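All residue numbers refer to positions in the sequence shown, counting from 1. In this text, all values refer to a predicted model and were calculated from it rather than measured experimentally.
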Amino acid sequence: MIDMMLATLLWATAPADTTITLRDVTVTGQQRRDYQMRTSQSEIQIGHEYLQEHFAGSLMQTLEAIPGVKAMAIGSGQSKPTIRGLGFNRLAVAEDGVKHEGQQWGDDHGLEIDQFAIDRAEVIKGPAALLYGSDAIGGVLSLYTNHVPTTSFGGSVQLFGRTNNEQVGASAKVEGRQGRWFYRANATVIDYGDYKVPTDSIQYYSYWIRLKDGRLRNTAGCERDGSVMLGYAGYNFHTDVRISDAYAKSGFFANAHGLEVRLSDIDYDHSRRDIDLPYQWVNHLKVLSHSTWRTEMTALELNLAYQNNLREERSEPVSHGYMPTPDGSLERRFNKSTYTAGLQLRHTLGRHELRGGVSSEYQHNRRDGWGFIIPDFETLSAGLFAMDRYTLSDQLIVNAGVRYDYGETHIHSYQDWFKTPVDGVMVNQQRSADTRRHFSSMTWSAGVNYAIGQWVMKANVGKSFRMPIPKELGADGVNYHIFRYERGNAQLDPEQSYQIDASISWANEAWEVQVEPYLNYFPNYIYLNPTAQYVEGLQLYHYTQAEVLRYGLEAQVKWQMDEHWQAHVQGEYLYARQQSGEKKGYTLPFSTPWSTDLGVKYSSSITNSQPLTVSLNAHIVGAQHEIVPPEKPTDGYWTLNMACAKDFTWGGNTLHVALHADNLLNRHYYDHTSYYRLIDVPEPGRNFSLMVGLDF
């Protein structure tokens with residue numbers, strides 16, 4: 001990271017025909033402390049080397065080794081991030097400073113982002129609504145793809161695969177610069193088959209379903225991603241424009257549709273690589289512009305973006321209840337366009353680093369298809385913030401800030417296209433009423449960083465805010481793929497959160513210790529409450545609000561035993577309790593159980609630029625008996641995992657080889673946060689991931 005920044009600075013100030021070569025940069029303990037003093041929140045930076053070495057299939061599965069970060073997965077190719085048990089619209093995912101706007105509310109599809117185009121990532125654990133607005137109440141995953149090349153031409157090619165679902169894929173990148181101008185282009189293709197679980201049958205609503213070769217039928221898929229970037233990097237001014245398109249298609253586990261599939265004429269066991277009905281596809285187009293202007297004391301940053309997320313779910317046309325057999329297979333279509341603008345100013349005034357900004361976002365969503373779950377809607381939001389970071393000394397830094405947000409949501413009315421008897425009269429039943437809601441809130445945050453000797457201590461306290469999303473306000477329909485009927489609540493209030501985060505760390509040449517406790521208090525937490533009722537054959541979940549207290553911690557210890565061997569232990573714990581409402585005294589649905597990781601790592605030499613690294617890790621997860629009735633408890637489990645990586649010099653270029661193995665003992669277990677456990681589907685069995693990359 002540091003050598004990249006130095007290269008960019010030197011290149012920007014050098015004549016166009018100058019060649020700059022940087023030697024290896026060693027990060028010292030002082031530089032580590034300086035990084036930790038950047039912010040009073042828990043922030044972790046992940047470099048490109050880490051992403052390559054720990055490649056585990058999807059981006060979120062690669063980042064799961066970070067304490068507090070988890071991939072909520074459904075199927076072999078789909079996963080979404082959670083931080084400290086909060087995800088979906090409580091977690092902001094930003095790409096090059098712009099919040100990614102897909103359909104975050106969807107549990108059954110992943111991020112529409114090419115993981116192989118990412119240069120580095122940053123994880124902020126805990127509320128970051130002061131800078132990012134409503135959706136950052138639980139944390140931020142910031143992804144960066146706008147690294148400035150330092151040579152006239154270069155690139156990389158990566159080949160990768162996974163054994164469990166027979167995934168194969170390739171990714172290529174070319175980049176270069178001429179004078180002040182630079183360019184980049186990325187392309188990725190992935191194909192995978194039905195994934196395998198360590199069982200030969202599952203139980204769905206008391207019906208036993210046999211699995212051919214232990215594979216979940218119709219969970220195959222594919223991904224096609226591409227992006228191009230053109231930029232200009234001068235001494236004071238930098239600008240780039242990036243256009244990206246991400247396409248993914250994946251099947252839904254066929255037997256999750258119950259009786260419909262058992263009566264289907266489709267031969268789901270014909271091939272484990274074809275994608276039959278039911279399936280989904282999504283295409284995300286993003287046009288992003290990032291510009292900065294800097295002087296010695298001032299920096300001005302402008303971000304503009306347009307995003308279009310088009311998603312379809314297709315199923316065999318089958319009548320339900322009073323709905324006749326529909327025409328065609330289009331069950332649902334969502335077409336969402338988002339326009340984003342943000343302007344930030346930083347100015348150094350003595351020991352003060354002042355920062356302020358404004359942002360706005362407009363969303364427009366239209367639905368189609370014979371199935372209904374959320375209505376058409378438009379949302380408009382705007383916010384402005386100001387903060388001050390004051391350096392009292394090299395050891396003590398304090399910061400404080402305030403933010404004001406305003407938002408409005410317009411939900412359109414919707415009536416079924418078929419008639420249903422209501423009080424003896426056949427009518428087109430209304431699923432959603434025309435609703436307009438307005439929201440506003442003032443939020444604040446304050447923090448302190450203190451360093452003395454080998455100790456670094458941080459604390460942050462603040463209030464956050466989240467507007468209810470249209471799905472929470474207006475949902476009313478069957479979600480087959482996560483086995484429930486969902487119903488919204490148009491009267492929901494904006495979610496408020498008060499939080500305290502702290503971090504205490506100590507390090508020397510051999511040891512590194514870090515403990516991060518946190519506490520969240522929600523006066524009106526919004527969540528899907530499971531009930532004992534059934535609608536159209538599925539369990540009814542309805543959105544409600546409750547007073548909720550959450551607290552927990554992450555801790556890790558690293559020991560550098562000698563030049564070659566390193567050991568670590570890390571763990572996380574989360575407690576959540578409802579303080580009001582009909583489920584008072586219970587936790588929240590799908591709450592994360594405690595977990596611990598024990599690992600050892602061998603490196604042929606920590607000073608060698610091309611070492612061989614081999615690591616072995618035991619992942620231990622506790623039983624989860626804290627549930628929300630009628631939810632069922634989950635037993636604890638442990639898995640053994642391995643990773644190894646090696647760089648080679650080949651023809652003057654660098655060849656990377658990384659192997660990652662999950663669940664080496666092929667253990668049968670259930671993840672409490674996975675919706676597939678509701679139909680007795682265990683987590684994937686033994687899996688090897690291999691990536692071979694060539695940098696040129």
Side-chain angles (χ1 to χ4, degrees), residues 1-14 16 20 45-48 51 92-101 111-122 131-132 140-156 171-188 225-246 284-295 298-308 338-346 357-361 695:
M1 175 60 186
I2 294 175
D3 57 344
M4 182 183 74
M5 295 172 60
L6 288 173
T8 302
L9 177 61
L10 293 173
W11 164 62
T13 58
I20 298 170
Q45 187 169 116
I46 300 99
H48 187 66
L51 297 175
V93 177
E95 189 174 16
D96 297 331
V98 172
K99 189 164 64 175
H100 180 76
E101 286 292 346
L111 296 175
E112 305 90 351
I113 294 176
D114 181 5
Q115 62 174 316
F116 296 98
I118 298 169
D119 295 308
R120 61 184 179 92
E122 289 182 356
L131 298 180
Y132 289 89
V140 177
L141 172 61
S142 293
L143 309 174
Y144 296 93
T145 63
N146 57 355
H147 160 66
V148 179
T150 57
T151 60
S152 60
F153 179 77
S156 64
S171 183
K173 174 181 69 177
V174 293
E175 61 182 19
R177 58 94 178 175
Q178 296 292 332
R180 303 287 190 252
W181 294 92
F182 65 92
Y183 68 91
R184 295 187 68 181
N186 291 76
T188 299
D225 305 319
S227 63
V228 293
M229 174 186 290
L230 178 64
Y232 174 88
Y235 181 74
N236 295 107
F237 180 69
H238 172 109
T239 186
D240 57 69
V241 176
R242 182 171 183 263
I243 302 174
S244 65
D245 191 81
H284 192 93
L285 171 67
K286 181 182 295 182
V287 182
L288 187 154
S289 170
H290 171 79
S291 302
T292 58
W293 176 79
R294 298 176 182 272
T295 65
T298 305
L300 187 65
E301 179 178 351
L302 174 66
N303 290 312
L304 302 171
Y306 166 75
Q307 301 175 66
N308 177 259
T338 304
Y339 303 83
T340 305
L343 180 66
Q344 290 192 31
L345 174 67
R346 295 191 190 200
V358 295
S359 61
S360 63
E361 181 182 275
D695 294 343

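A distance of 6.0 Å or more separates the ring centres of H48 and H147.
A 4.5 Å side-chain heavy-atom check between E301 and R346 finds every atom pair outside the cut-off. Residues R177 and V148 form no side-chain contact, since every pair of their non-hydrogen atoms from C-beta on lies 4.5 Å or further apart. Residues Y144 and E122 are in side-chain contact: their nearest non-hydrogen atoms beyond the backbone lie under 4.5 Å apart. Between Y306 and L304, the closest side-chain pair of non-hydrogen atoms is not below 4.5 Å. A heavy-atom distance below 4.5 Å is not found between the side chains of E101 and K286. The shortest side-chain heavy-atom distance between F182 and H238 falls under the 4.5 Å cut-off.
Counted by atom type alone, N303 and H290 present one or more donor-acceptor pairs between their side chains at under 3.5 Å. A donor-acceptor contact under 3.5 angstrom links the side chains of S291 and T239, judged on distance only.
E112 places no side-chain N or O within donor-acceptor distance of the main-chain N or O of H100, the cut-off being under 3.5 Å. Without hydrogens or angle criteria, S227 side chain to I243 main chain gives no donor-acceptor distance under 3.5 Å. A donor-acceptor pair is defined here as one N or O able to donate and one able to accept, closer than 3.5 Å; such a pair exists between the side chain of N236 and the backbone of R294.
Distance check: K173 NZ to D114 CG gives 11.0 Å after rounding to the nearest 0.5 Å. Here the CG atom belonging to L285 is positioned 6.0 Å from the CG atom belonging to N308, to the nearest 0.5 angstrom. To the nearest 0.5 Å, atom CH2 of residue W293 and atom OG1 of residue T298 are 6.0 Å apart. The distance from the CD1 atom of I118 to the OG atom of S142 is 11.0 Å, given to the nearest 0.5 Å. From D119, atom CG reaches atom OG1 of T145 across 6.5 Å, with rounding to the nearest 0.5 Å. Taken to the nearest 0.5 Å, the CZ atom of R120 stands 7.5 Å off from the CG atom of N146.
Geometric assessment of R180 against the ring of Y232 yields a negative cation-pi assignment under the 6.0 Å and 45° thresholds.
Here the closest heavy-atom approach between residue A117 and residue R184 is recorded as O-NH2, 4.3 Å. Across every non-hydrogen atom of Y132 and A94, the tightest pair is CE2-CB, 4.0 Å. Looking at every heavy atom in both residues, A185 comes nearest to V228 through CB-CG1, 4.1 Å.
Contacts classified as salt bridge (Lys or Arg N to Asp or Glu O under 4.0 Å) and involving residues 228-242 (residues at least two apart or in different chains) are given here: E95-R242.
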